[in-house]
Every structure is written in C-alpha cells, then in structure tokens.
S.K.: 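Pasting a structure here, questions to come.
Computed over heavy atoms, backbone and side chain alike; hydrogens, waters and symmetry mates excluded.
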Amino acid sequence: MTGTHPGTRPADPGTPATGRSPRVGRVRFAVLGLLFVGITINYIDRAAISVSLPHISQDFHIPPAVAGLIMSAFFWTYAFGQMPGGWLADRFGPRVILFFASLWWGVATALMGLARSTGMLVVLRMVLGLGEAPSFPASAKVVARWFPKTERSFASATFNNGNAVGGALSVPLVALVVAAVGWRGAFAAAGGLGVLWAFGWWLYYRDPEHHGQLKKPEMEYIKAGQNRADAPEQTAVRWRDLFRFRLMWAMMLGFFCVNFVAYFFITWFPSYLVETYHLSTMKFGFLGMVPGLASMVGGWCGGLVSDWLVRRGTPVTKARKLCLVGGLLGTSVIALAVVSPSVGMALTALSASYFCSTFAAASVWALPGDIAPTPGHVGSIAGIQNTAGNIAGIVSPLLLGVLMGSSGSFVVPLVTAGCVALLGAATYAFLLPKVEPLRLDRGPSGTMG
C-alpha cells in the first residue's frame, strides 16, 4: 500500500483540468438517483412516527418521556445493527442487502398501524431499526464502487440527502394522510413505498462490472478516478483491527455529534414547533418543510464544495476537514432558536443549523471510501462509523425528552444540541488525523496503541 496520497494530485486520470467530468455516460447517476429515492423512502418510514406522535400520544395517553422512549427504541437496534449490516453489505453485496432490508423496513412500518399499545410501538420500532440498519453502509459501498473520488462527496451527499428529503416530505405527506384516514393508515401507506422500492432496486441494480447499460468509457472513467481502496489488491486488515486507528475513533465521535443534532429534526422537531408556537397540524405540515428544504441544499453544497476542493488539488484531509469543521460550527446555531420571538425567526435558525449539518454530512459519508484499505472494507467502515453516529439516535431523543420534561420547555434541549455541535467541530479539527487508506504498518501516530 504505497504511492501518492490521493489528495496531492491536481486531478485524477480521466478528469480534465477544468475539474468537470467528461461526457462518458451517466449510468452512475441513474444508480445514484435510485439509491437516493430508496433513502428518501427509508426516512419517510422512519420519520412517520414523529409526525403521527401527537395523535398517537392522545390515543394512548403518552407523556413526553415515554414518547422519547418510543422514538429512541428505533435506534437501539438500528445503531447496533450497523456493524453487522456493513459486514453483510461487504459479504453479499449491496444489491441483495438493500433488497431484503427495504422489504423488512417496509413491512415493519406498515405493521405499526396495527399497534394497540405503547409496548407494541416500542417493539415494532426496534424491528424497523433492525431492517433499516444496512441501508447507509450499503449505500456507501455503492458510491465507492460507482464513483471516482472527485465525485464521491457529491454522490455521498446525494444519497445522504435522502434523509433530508424524506424528513421534509414526511411532514406534509404524512400529515395529509393522517388528516384523511388517521395515523394507522399513514403507516400502511409509508410501508408500501418501501416494498415497491425493494423490487425496483432488485430489477435495476448491478455492480459496474455486470451492469448491462454501462459502456466502456464510463467504466474506465470510474476506475481511473478511484483510489487504492477500490483496487483489487487485498491488504491484511482484519475487521477488528479497524478499531486500532485513531482515525476511526475520530470519525465515530464526530458523527455522533452530527447525528445528535440531526435527530432532533427527525424526532422532536414537530413537537417543538407545534407546542411552542401552537400550530395546527396542517400549518405545521407546510412550515415544517422549511428546515428540511434547507438541509437538502446544504447536503449538495457540502458535496460540491468538497469535491471541488479535491479537483483543484487540495489534499483530501484538508478538503474534508474544512467542510466538516465549518459545517458543525454552523450547526451550533440551533441554540439561537431559544431566543427567537416568532416562528419565522425560529425557523431561520433551525434551517441554518440543518443546512450546516448536512453540509458536513456529505464529507462524513465520503470518508469510508477515502480510508478503506480494500473494497471489502468500505461497508464495514461505514457500519462502524454509523454505529457511533446512531448511538446519538438513542441518546438524543431520550436526553432531550428528559430535559424538556424536567425544564418544561425546549430551551435547555436546544442549547445542549448546540454545545454538542461545537464538540463535533473540535473533534474533526483536532482529533481527525490524515485522511488516507488505513495501514497496519503506519506506526503509533496512526493507531490507538
């Protein structure tokens, strides 16, 4: 594993000096588009509970702390299913894993409409989390296989933006369905989308080497712009050895901080806006889209900026860190919502925060492809990173629910979220070492020992 660091060259083979992709084909973007739709549906299914929660709470007489428990239950299995999900993606490939995962999460979502108690909701949320666990590690593997590193951050931002689009669409769509047929019908409709996508993915997706629509120029362009993590050589890095590297631990802690804030928008945001500003369900359905729309723009901006920096010859480490640190510093403005006298000002602060969160996340999801020593490690590294990131999904809803219940407002929870964002910025700035393919012979500066 020797050679020039991927961030030190002005351009990859096959990439013109302008930094623009040659017209070699667009099959990779069709694959990315289908992946984006799948993650969007994934998040609609995941976020349906937050939009439906006020109605469920009325039916089951659920207090805030218990509501936080229901939302957190998803992440108990989702977080700890990441590493097995990443390993399965490496072992069986993203086509098989994403097909079965989508079937699983679609059925689990639909079954939530049949829940008759708080206990059933908790169990079904855990089942849903287990089904969705392989989604992001497998998606990172798709991007590593289909995109050169000069496009990888944008591609990562695109599939990751599915969470923002899904979260934004779930607000008006689920609210409309709830208003029309009730919250039980909303879960059935959301689950059906997941099942339909599973069969579409199975029919269309193949790896580049086996995709019938991929022509030779595009294949050569993809391969020429990939780094050593995408080469066929095999490096003796065992799965458990990945935990020896400081780089892995910095990625885990940093993503925990990113997700701690992001999952406020997936879980408590609807309740915050409705309870603080006394909005009707329909009014919230449209105002609540604003932060989600901002997050979509932020994700793509983060991907474009990071890739632009790499194409201009900026070292990958610097390109990723600029976006990660800057994004998390901006994410901390979520705390300003507590001093906003109107719903408009609060939405401005929240939208800026969510924009910056997804701006940073674009580089987060590019990192597994940047540092994987072989193609067989991309899914596993993504799974490890996402495990830590989604432990925040367990901690954030519970902690923010307890803080809100004990203080009687969202002031303390939002200030806490802002402080966690600052911790994440410091982690990426000072703890993240050089971003390059991992090696066991790196020495003590590159490992935890």
Side-chain angles (χ1 to χ4, degrees), residues 12-16 19-45 89 92-103 105-106 134-166 168-169 193-226 230 296-297 299-304 306-308 311 358 361-362 365-366 368-369 375 378-379 382:
D12 293 290
T15 303
R20 296 178 181 177
S21 303
R23 296 184 180 277
V24 295
R26 291 292 182 265
V27 176
R28 66 193 185 280
F29 292 109
V31 171
L32 181 62
L34 184 59
L35 189 64
F36 165 77
V37 171
I39 298 298
T40 298
I41 295 171
N42 177 298
Y43 263 74
I44 290 175
D45 288 6
F92 297 104
R95 180 174 182 243
V96 172
I97 294 306
L98 283 174
F99 171 72
F100 284 107
S102 185
L103 279 180
W105 88 58
S135 303
F136 274 73
S139 297
K141 192 170 185 69
V142 171
V143 167
R145 287 184 173 181
W146 274 91
F147 287 87
K149 71 174 183 294
T150 53
E151 297 176 352
R152 192 171 289 160
S153 189
F154 173 78
S156 299
T158 298
F159 84 72
N160 186 60
N161 253 356
N163 71 58
V165 175
L169 290 178
L193 292 175
V195 173
L196 289 174
W197 184 85
F199 287 100
W201 176 259
W202 180 261
L203 292 172
Y204 183 78
Y205 181 81
R206 300 293 188 279
D207 287 335
E209 296 81 2
H210 307 292
H211 200 289
Q213 297 180 11
L214 186 65
K215 304 301 182 184
K216 185 177 180 181
E218 187 172 7
M219 170 69 84
E220 292 177 346
Y221 171 71
I222 292 170
K223 294 301 181 185
Q226 291 181 330
D230 310 297
M296 291 181 233
V297 179
W300 278 307
C301 286
L304 289 170
S306 185
D307 286 342
W308 176 77
R311 283 196 295 269
T358 53
W365 282 108
V378 176

S.K.: To the closest 0.5 Å, what do you measure between OG (S135) and CZ (F159)?
M.R.: 10.0 Å
S.K.: Is it true that a side-chain atom of R28 and a backbone atom of W146 form a donor plus acceptor pair closer than 3.5 Å?
M.R.: no
S.K.: Give me the ring orientation class for F99 and F199: parallel if the planes are under 30° apart, tilted from 30 to 60°, perpendicular past 60°.
M.R.: perpendicular
S.K.: For G299 and A362, which heavy atoms make the closest approach, and how far apart are they?
M.R.: O-CB, 3.7 Å
S.K.: Judged by atom type as modelled, is there a donor-acceptor pair below 3.5 Å linking the side chain of S156 to the main-chain atoms of R152?
M.R.: yes
S.K.: Who passes side-chain hydrogen bond (donor to acceptor under 3.5 Å, both in side chains) against W365, sequence neighbours left out?
M.R.: N160
S.K.: When rounded to the nearest 0.5 angstrom, what is the spacing between CD1 in I39 and OG in S102?
M.R.: 9.5 Å
S.K.: According to side-chain hydrogen bond (donor to acceptor under 3.5 Å, both in side chains), who are the partners of T40, at least two apart in sequence or on a separate chain?
M.R.: none
S.K.: For F154 versus D307, what's the shortest heavy-atom pair and its separation?
M.R.: N-OD2, 2.7 Å
S.K.: Which pair of non-hydrogen atoms, one from A144 and one from V378, has the smallest distance, and what is that distance?
M.R.: CB-CG1, 3.8 Å
S.K.: Can you tell me how far the CH2 atom of W308 sits from the OG1 atom of T150, to the nearest 0.5 Å?
M.R.: 14.5 Å
S.K.: So, for L32 and A155, which heavy atoms are closest and what is the spacing to 0.1 Å?
M.R.: CD1-O, 3.4 Å
S.K.: Apply side chain to side chain contact (heavy atoms under 4.5 Å, CB included) to Y204 and list each qualifying residue two or more places apart in sequence or on a separate chain.
M.R.: V27, A30, V31, L34, H211, Q213
S.K.: Rounded to the nearest 0.5 Å, how far apart are CG of L214 and CE of M219?
M.R.: 5.0 Å
S.K.: For W201, enumerate each residue passing the side-chain hydrogen bond (donor to acceptor under 3.5 Å, both in side chains) test, keeping only those at least two apart in sequence or located in another chain.
M.R.: none
S.K.: Hey, what do you get for OG1 (T158) to CZ (F147), rounding to the nearest 0.5 Å?
M.R.: 7.5 Å
S.K.: Measuring from atom CZ of F29 to atom CD of E151, what distance do you get when rounded to the nearest 0.5 angstrom?
M.R.: 4.5 Å
S.K.: So, for P148 and Y221, which heavy atoms are closest and what is the spacing to 0.1 Å?
M.R.: CG-CE2, 3.9 Å
S.K.: Scan for salt bridge (Lys or Arg N to Asp or Glu O under 4.0 Å) pairs involving residues 197-208, sequence neighbours excluded, and state none if there are none.
M.R.: R145-D207
S.K.: For L193, what residues pass the side chain to side chain contact (heavy atoms under 4.5 Å, CB included) criterion, not counting sequence neighbours?
M.R.: I41
S.K.: Could you tell me which non-hydrogen atom of A366 sits nearest to which non-hydrogen atom of S153, and how far apart they are?
M.R.: CB-CA, 4.0 Å
S.K.: I would like to know whether W197 and L98 meet side chain to side chain contact (heavy atoms under 4.5 Å, CB included); could you show each step before the answer?
M.R.: CA-CA 10 Å; W197 184 85; L98 283 174; 4.3 Å; yes
